[in-house]
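Heads up: the structure comes next, in structure tokens.
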There are 2 protein chains.
Amino acid sequence: MRRSEIRGHLLDTALRLFNLHGYHATGIDLLIAEAGVAKTTLYRHFETKEDLILAALERRDEESRAEMRIFVEQRASEPYERLLATFDFLEASVRDKQFRGCIFMSAAGEHKEAVDPVFRAALMHKRLVLAYFEELAHAARFAEPKRIADAINLLHEGATAIAQMTRTGEPVRQSKRMATSLLAEEARVPNEPPARREGAEQQAKVSDTGRA
Amino acid sequence: MRRSEIRGHLLDTALRLFNLHGYHATGIDLLIAEAGVAKTTLYRHFETKEDLILAALERRDEESRAEMRIFVEQRASEPYERLLATFDFLEASVRDKQFRGCIFMSAAGEHKEAVDPVFRAALMHKRLVLAYFEELAHAARFAEPKRIADAINLLHEGATAIAQMTRTGEPVRQSKRMATSLLAEEARVPNEPPARREGAEQQAKVSDTGRA
DNA sequence: GCCAAACGATACAGATCGGTATATTTAAGC
DNA sequence: GCTTAAATATACCGATCTGTATCGTTTGGC
């Protein structure tokens, strides 16, 4: 293995073991054995186990959100449909044989102090996912994109939690049905995207002056 | 402390520490120090740490479901309203300063193997809670009580998961609003509660053979 | 091709883990 | 009140934990 790949390989191995056994139950000795790397090497890349956990969460955060974006954008073109497509992405994740629950929820569950860096990293991931939902809800012209995003987020988290227990994709399909009927009744802004308040005003002015 | 109280005191202390730090992070030495009990005494009551965890989960399972029943039944008399009152109970639980997430989800998150006795104990609790929702949905004469119970359950789990991160009661209030509008649109059996299927089939057979 | 940095292997440190052994004291039930 | 079971206190066990130290080997960059 080339030296430049070692860090990434360590993070991948760590993520796999954290998902399999959790954080406290994953020991350094097991990790280096699975990664096929000397202990000295591990500690050259990461000062402490906590640093390793934080780096692994950061990597997975970026990976998973990028994967969701790509999946959703290729599956649907309309923002409204994309909001629903996030559930298809979640179902695919949950139906993976290796699924044992959301690793960020597990991280927060094993590091419960709100000031714990691991907890904060998990919280940050959840905020970024919520921000993506809000971005989609905004683009779909929902009158209250924040509230819509919160609802989608709650359905995601509920489905993930239940799927962690049942180990099936059914809770996710159920949550998508709930989201479908929920979104169908929500008010949407009729025409132009409400955009940023300043932008909307400006755009309105431009079209008004240009055509009238 | 009277000897007959020691076992219960150990379980209460264990549950407090499991909620504070999690399962792996709660050591036996800390537990006996907090409980003010000798290690020999602990191991006279519980053969292993896993036995202690299982007994603690069983105790909390019975306690929490009994508390929910009492809360819900005194808060509302109609089954329909009781379904919504479960969210008020959840909000009270979540707003507790000591709330750090559902201890059953944490137990499952730290014992991910589906055959692990701890995982199975957590799963059993979730099934019993779901059964209570179904009982209420049935009594409220919903046409599809199982589906209603699943939906309520999903909203509960979603709210609990998000509240674990935000440490506020807001996700629970949001989930109750979602439940309210969801239930309002669900079909309910008008008059008598739908009789058991066997009874209906038997009745049908009798009339068929009698007339054909 | 040289040199420095990184790697691997191993041994070890000190703490903590779950659990046991022993010996003494306490208290509950007959 | 006596007996017996259960409590306490303490020392200990082997395993495992995170992290370090040592030292020989490999490799990437100039």
Could you tell me the separation between the CZ atom of B:R44 and the P atom of C:dA21, rounded to a whole number of Å? 13 Å
Is any side-chain nitrogen or oxygen of B:H45 closer than 4.0 Å to OP1 or OP2 of D:dA7? yes
Interatomic distance, B:F46 CZ vs C:dG19 P [rounded to whole Å]: 13 Å
Is there a donor-acceptor contact under 3.5 Å linking the side chains of A:K112 and B:S106? yes
When the distance from NZ of A:K49 to C1' of D:dT20 is rounded to whole Å, what number comes out? 17 Å
Atom-to-atom span, CD1 of A:I6 to C1' of D:dT26 - whole angstrom: 11 Å
By nearest atom, which of the nucleotides C:dG8, C:dA9, D:dT10 is closest to the A:T40 side chain? C:dA9
Are the aromatic ring centres of A:H125 and A:F104 under 6.0 angstrom apart? yes
Against the side chain of B:D29, the closest entry in C:dC17, C:dA9, D:dT20 is C:dC17
Nearest-Å distance, OH (B:Y43) to P (C:dG19)? 4 Å
For the pair made of CG in B:L30 and C1' in C:dT16, what is the distance, rounded to whole Å? 12 Å
Residue B:K39, side-chain atoms from C-beta onward, closest of C:dG19, D:dG19, C:dG8: C:dG19
Presence of salt bridge, A:R16 and A:D12, under 4.0 angstrom: no
How long is the line joining CG of B:L42 and P of C:dG19, in whole Å? 9 Å
Would you say the rings of B:H24 and A:Y23 are close, in the sense that their centroids are separated by under 6.0 Å? no
For D:dA6, does either OP1 or OP2 sit under 4.0 Å from a side-chain N or O belonging to B:T41? no
If I take atom CD in residue B:E5 and atom P in nucleotide D:dA6, what distance separates them, rounded to the nearest angstrom? 17 Å
